[in-house]
Amino acid sequence: MKSVLQELVGGKALILIVVLGLGGSFQNGFHLTAISSPSPYIQSFINSSWTYHYGYVPGEKTITFIWSTVVALYALGGLIGSITVIYLTRHLGRKGATLLNSAIAVVTTVIMYISKPTYSFELILVARFLFGFGAGLGLNVHTIYLGESSPKKIRGMVTVTATTFMSLGKLIGQFVGLREILGREECWNILLCIPTFFCVVQLAILPFFPDTPRYLLIEKGNSQQCKKALQCLWGPGDYKLEIEEMLAEQAVIGEEHNKSVLDLLRNKHLQWQVISMLVINGCIQFSGMSAITVFSFDIFLEAGIPEDKIRYVTLGIGASEVLISITCWLFIESVGRRALMWRGFGGMSAIMALITVTLYLKDYSSVIPYTTVILIFLFFIFYGGGPAGIAPSLTNEIFIQSYRPAAFGFLGFLRWLAFTVFGFIFPFLIAALKSLCFVLFSCVCLIAALYVFFILPETKGKTLLEISQEFEKIRACGSSKEDVMCLETKL
């Protein structure tokens with residue numbers, strides 16, 4: 001670990017990681033949790049704003065519709081922002097796209113802040129869409145920037161910091177949303193503007209850093225700038241092996257840079273990479289995090305926790321998510337991506353099954369609700385230390401330079417689409433299945449664990465071309481007479 005720390009502080013890499021994190025995935029995490037605290041005040045403001053402008057009090061259905069639009073526009077913005085990463089990283093580079101995203105965040109903050117003094121709920125709608133756009137674009141560019149800037153031996157550790165900063169953003173959003181801090185009616189517009197301070201910091205510092213070394217060499221063909229970028233980030237050295245690895249990838253790519261999503265889906269050599277990311281990200285979305293969030297309040301009440309103290313327990317969950325994310329990047333290079341991923345999904349599957357049992361037996365003993373509380377904490381630990389922490393790093397590693405932006409754009413689009421669709425169907429699912437929905441989520445997590453264990457190759461310590469070759473070894477083979485399919489993979 002000493003050598004890793006020395007490598008991080010040998011150049012300016014550690015500063016870059018912090019600057020990218022606070023202006024990148026931190027923003028997404030903050031806005032996911034910070035909106036819940038002031039939601040009653042924003043709905044009240046929508047009511048008064050409508051009355052001020054139109055001269056009559058809106059109906060309850062109108063307020064509900066506008067608030068639903070406020071929530072939905074964040075997801076729509078995220079969906080569009082995820083797609084634009086393909087275009088913006090191609091024309092502006094990784095650094096340019098990151099700076100543009102921070103500039104948009106500053107403009108959005110001004111719009112959100114003036115919505116209150118101008119009595120304009122329409123500005124809230126605009127701001128929420130732009131915040132979502134920044135979340136979708138920023139998370140993708142942040143992860144790509146990290147992955148393309150880090151050396152092979154600590155690539156996973158560096159990339160996982162994107163998840164760490166997202167967890168930190170969620171925790172800070174919960175904390176400043178407390179009534180004792182900014183969770184009051186007079187402060188809701190200030191609360192939603194807080195993270196933009198870090199975007200301003202990023203705008204001030206990031207111009208002094210280079211673009212990613214892989215982008216400079218493979219896409220721009222500038223080996224001198226690539227070497228300078230590596231020396232700036234990781235300290236003095238000739239970086240001959242790293243540059244040779246990039247040149248080998250450049251030779252494979254040739255002149256065919258910046259592939260589209262259609263190119264990605266049509267390429268038969270990438271079918272297992274695409275399938276793997278669809279399975280993993282799909283199972284993450286339908287792993288039951290929303291169910292845990294919905295049921296946790298009632299579970300904490302039944303455990304005897306006072307209603308006004310539950311928010312502090314939620315803060316404890318947020319803090320544990322940050323700590324386990326840090327633990328994840330400490331172990332990712334020694335344990336490996338595949339092992340952490342299947343164990344995480346496996347643990348989540350077991351916990352979901354146990355929660356189903358404890359919810360059914362909650363009236364038989366006063367101890368059982370406390371057991372359920374412990375299981376909720378354990379679920380977040382397995383989630384943060386496995387799928388949530390590893391997925392961004394894995395996406396970076398299994399696609400070569402020409403397909404990476406398209407892969408992030410495609411998966412980001414599906415992630416935000418699933419977020420929107422699941423948010424719509426989840427209330428109906430809860431109403432129909434109640435606590436039995438945890439059985440469904442347990443099965444989803446089990447499917448993901450089995451897929452990762454039997455199919456997904458390990459990517460630790462391998463070049464991107466070596467990883468591509470590992471996926472090439474996964475074949476569907478069969479006989480037309482017997483109609484039997486089998487999978488071969490080098491595990």
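One-based numbering along the sequence shown.
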*With distance as the sole criterion, is a donor-acceptor pair present between the side chains of Gln250 and Glu219 under 3.5 Å?*
no

*Can you find a heavy atom in the side chain of Ile332 that is under 4.5 Å from one in the side chain of Ser393?*
yes

*Does a side-chain N-to-carboxylate-O contact under 4.0 Å join Glu242 and Lys152?*
no

*Within 45° cone of Phe453 ring axis and under 6.0 Å: Arg338 NZ or CZ*: yes

Side-chain donor-acceptor contacts of residues 13-21 below 3.5 Å, not counting sequence neighbours, with atom names and distances?
none

*Carboxylate-amine/guanidinium contact Glu321 Lys170, below 4.0 Å*: yes

*Which atom pair, heavy atoms only, marks the closest approach of Cys328 to Ile390?*
SG-CD1, 3.7 Å

_Worked verdict on Phe441 versus Phe286 for ring pair (Phe, Tyr, Trp, His ring centres under 6.0 Å)_ = CA-CA 7 Å; Phe441 299 135; Phe286 294 92; 8.2 Å; no

*Just wondering, do Leu182 and Ile194 contact through their side chains at under 4.5 Å, heavy atoms?*
yes

*Taking the side chain from Arg404 and the backbone from Phe399, do they hold a donor-acceptor pair closer than 3.5 Å?*
yes

*Under the side chain to side chain donor-acceptor pair (under 3.5 Å) test, which residues partner Arg415, sequence neighbours left out?*
none

*Gln202 and Ser102: side-chain donor and acceptor closer than 3.5 Å?*
yes

*asked:* Is there a side-chain contact between Gln401 and Tyr215 in this structure, where contact means two heavy atoms from C-beta onward sitting under 4.5 Å apart?
replied: yes

*Should the pair Glu397-Arg155 be classified as a salt bridge under the 4.0 Å nitrogen-to-oxygen rule?*
yes

*So, Ser149 versus Thr212: side-chain donor-acceptor pair below 3.5 Å or not?*
no

_Tyr451-Ser276 side chain donor-acceptor pair, cut-off 3.5 Å_ = yes

*Looking just at side-chain N and O atoms, do Ser260 and Asp263 make a donor-acceptor pair shorter than 3.5 Å?*
yes

